[in-house]
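Below, each value reflects all heavy atoms present in this structure, side chains not excepted, and no hydrogens, waters or symmetry copies.
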Amino acid sequence: MYREWAAEAERAIVTRHLRRVWLLPGTILGRSGWPPSPGQRVHWHWNYWWQAHLLDCLVDAQHRDPTPARDAVIGRFSSSVRLRNFGKWTNDYYDDMAWLGLAMQRAGRDVEPILAELRSAWTPDGGGGIWWRKGDRFKNAPSNGPAAILHARVGETERARELFSWMDSTLVDPDTGLVWDGLRVDDHELVKAIYTYCQGVFLGAALELSEVDAAARTVRAVAAHCAPGGVLRGQGGGDGGLFAGILARYLALAAQRLTGPEADAARTLVLDSARACREHAAEALGGPLFPSEWSQPAPDEHSRDLSVQVGAWLLFEAAATLA
């Protein structure tokens with residue numbers, strides 16, 4: 001069932017969103033909205049990290065059901081990211097670069113240009129960690145979490161552990177176990193906003209480093225505070241459309257790598273969220289159109305965003321690994 005839902009999500013998003021870049025043969029990226037605005041038709045609206053997660057979903061699908069055709073799409077997609085990014089793999093946001101690095105590494109591509117940028121972003125300011133973006137004075141979970149995962153996966157364990165330790169000592173609420181957003185370094189202000197995104201990347205880093213206690217604590221915190229009625233909470237459209245899907249990805253890994261009640265809780269959160277999301281989808285061109293809040297019916301005001309649809313696809317691919 002979950003594998004079929006993942007395949008449905010893939011067909012729908014490929015049908016509605018994947019198009020050539022500037023009409024150039026051999027290129028393909030995801031349009032940022034559907035139905036597309038004039039600017040979205042020509043990929044004028046460019047959101048680098050949404051495309052990174054779309055690439056990650058294509059890689060998920062290739063693991064689930066490998067085909068030569070999809071493998072070719074993954075290659076074209078990777079090249080098209082660089083083309084649309086004006087010939088570069090990098091940008092000014094370290095979280096964006098970490099996400100593209102994770103997707104490219106899973107796709108078997110060279111990620112050294114991205115790793116070089118991430119290595120240069122570490123400073124001792126604020127106790128360690130990397131910046132959110134170039135020229136900024138903010139360090140947060142959205143940059144340090146995926147960077148730690150990537151460093152760990154390429155064997156740079158010492159740096160990965162430095163980033164994880166900074167998050168664990170700085171951003172974890174001692175009362176709830178939830179992960180706060182970040183630290184404004186100059187005035188030492190903690191930004192205590194709670195996003196599903198931050199829980200997901202911290203969980204992913206803990207799992208990559210076999211920090212079992214921290215991972216289990218995070219699963220318990222998510223179950224208690226981020227999943228009303230047992231369904232992961234949405235966070236609107238735009239960038240927020242990806243947040244719960246990111247968390248679902250790492251909850252699925254937790255279900256496979258942890259033991260005991262936390263593994264069961266992680267599995268239940270992913271599968272119950274997948275059932276809710278599919279139940280509340282609406283039929284549209286190519287297949288289901290998913291809601292931004294998985295416990296509420298589609299369409300909603302954010303359903304046209306590529307981020308919302310890819311977030312749901314992330315969820316279904318995560319569920320498929322547990323089926």
Side-chain angles (χ1 to χ4, degrees), residues 49 52-53 56 93-106 111 114-115 117-119 121-123 126-132 138-174 176-183 190-191 193-223 226 232 242-258 262-263 265-266 269-270 314 318 321:
W49 84 288
H53 286 285
D56 228 3
Y93 289 80
Y94 294 108
D95 55 341
D96 288 12
M97 289 187 278
W99 285 121
L100 184 62
L102 284 167
M104 295 283 287
Q105 191 259 349
R106 292 185 70 222
V111 295
I114 289 172
L115 284 166
E117 291 279 353
L118 296 178
R119 293 185 198 112
W122 188 93
T123 74
I130 68 171
W131 301 107
W132 172 44
F138 186 52
K139 293 185 172 182
N140 62 2
S143 59
N144 283 270
I149 297 168
L150 179 58
H151 283 301
R153 288 182 178 175
V154 301
E156 297 180 0
T157 308
E158 183 176 351
R159 175 50 54 85
R161 196 165 295 283
E162 286 175 345
L163 303 184
F164 171 80
S165 296
W166 178 81
M167 289 189 292
D168 194 37
S169 62
T170 308
L171 300 182
V172 176
D173 182 345
T176 65
L178 291 170
V179 182
W180 295 320
D181 185 35
L183 174 71
L190 282 166
V191 178
I194 299 299
Y195 300 116
T196 46
Y197 182 177
C198 298
Q199 317 316 308
V201 296
F202 181 85
L203 176 60
L207 292 167
E208 291 299 325
L209 294 167
S210 299
E211 294 284 350
V212 174
D213 290 345
R217 180 190 66 211
T218 306
V219 171
R220 292 193 300 270
V222 166
C226 300
L232 294 174
L242 284 164
F243 288 5
I246 291 167
L247 176 53
R249 174 184 290 280
Y250 295 108
L251 283 170
L253 287 177
Q256 297 167 72
R257 297 183 184 180
L258 298 180
E262 289 82 12
L269 284 167
V270 173
L314 276 167
T321 66

query: So does Glu208 pair up with Arg257, basic N to acidic O under 4.0 Å?
result: yes
- line: Between Asn144 and Ile130, the two heavy atoms sitting closest are OD1-N, 2.8 Å
task: Using a 4.5 Å cut-off on heavy atoms from C-beta on, say whether the side chain of Trp180 contacts that of Val172.
output: no
Side chain proximity check, Val191 to Asn140, heavy atoms < 4.5 angstrom: no
message: With rounding to the nearest 0.5 angstrom, report the CG to CG distance, Leu247 to Leu242.
response: 12.5 Å
message: If you apply the rule side chain to side chain contact (heavy atoms under 4.5 Å, CB included), what do you find for Tyr94 with Leu118, and how did you get there?
response: CA-CA 7 Å; Tyr94 294 108; Leu118 296 178; 4.2 Å; yes
Table please: side-chain donor-acceptor pairs of residues 209-218 below 3.5 Å, with sequence neighbours left out.
unit_1: Glu211; atom_1: OE2; unit_2: Arg161; atom_2: NH1; d: 2.6
unit_1: Arg217; atom_1: NH2; unit_2: Asp168; atom_2: OD1; d: 2.8
unit_1: Thr218; atom_1: OG1; unit_2: Ala214; atom_2: O; d: 2.8

field: Non-hydrogen atoms of Val219 and Ala265 that approach each other most closely
entry: CG1-CB, 4.1 Å
statement: Closest non-hydrogen contact found for Ile149 with Ala205 is CG1-N, 3.5 Å
message: I need the full list of ring-ring contact (aromatic ring centres under 6.0 Å, His included) pairs touching residues 199-220, with sequence neighbours left out, sorted by first then second residue.
response: Phe164-Phe202
message: Are Gln105 and Ile114 packed together at the side-chain level, in the sense that at least one heavy-atom pair is separated by less than 4.5 angstrom?
response: no
- request: Indicate the atoms forming the closest heavy-atom contact of Ala152 with Ala160, along with that distance.
  value: N-CB, 3.6 Å
- request: Could you walk me through whether Met167 and Val179 pass side chain to side chain contact (heavy atoms under 4.5 Å, CB included), step by step?
  value: CA-CA 8 Å; Met167 289 189 292; Val179 182; 5.7 Å; no
Closest non-hydrogen atom pair between Trp131 and Ser143, with its separation: O-OG, 3.4 Å
query: Are any non-hydrogen side-chain atoms of Leu232 and Leu251 less than 4.5 angstrom apart?
result: yes
- prompt: Going through the distances and angles, do Arg119 and Glu156 end up as a side chain to side chain contact (heavy atoms under 4.5 Å, CB included)?
  reply: CA-CA 10 Å; Arg119 293 185 198 112; Glu156 297 180 0; 2.6 Å; yes
- prompt: Which value, rounded to the nearest 0.5 Å, describes the distance between Trp49 atom CH2 and Leu100 atom CG?
  reply: 13.0 Å
- prompt: When rounded to the nearest 0.5 angstrom, what distance separates CD in Gln256 from OG1 in Thr321?
  reply: 4.5 Å
field: Approximate separation, where rounding is to 0.5 Å, of Leu203 CG and Thr196 OG1
entry: 12.0 Å
- prompt: For the residue pair Tyr197 and Phe243, does the interplanar ring angle fall in the parallel (under 30°), tilted (30 to 60°) or perpendicular (over 60°) class?
  reply: tilted
Gly128 versus Trp166, closest heavy-atom pair with distance: O-NE1, 3.4 Å
message: Can you tell me how far apart CG (Asp173) and CG (Leu178) are? Round to the nearest 0.5 Å.
response: 6.5 Å
From Leu150 atom CG to Leu115 atom CG, the distance as rounded to the nearest 0.5 Å: 5.0 Å
query: Does the pair Phe138 and Asp181 meet the rule for a side chain to side chain contact (heavy atoms under 4.5 Å, CB included), with working shown?
result: CA-CA 10 Å; Phe138 186 52; Asp181 185 35; 3.7 Å; yes
query: Can you tell me if Lys139 uses its side chain to pair, donor with acceptor, with the backbone of Thr123 under 3.5 Å?
result: yes
Validation row: Leu207, Leu258 side chains within 4.5 angstrom (heavy atoms): yes
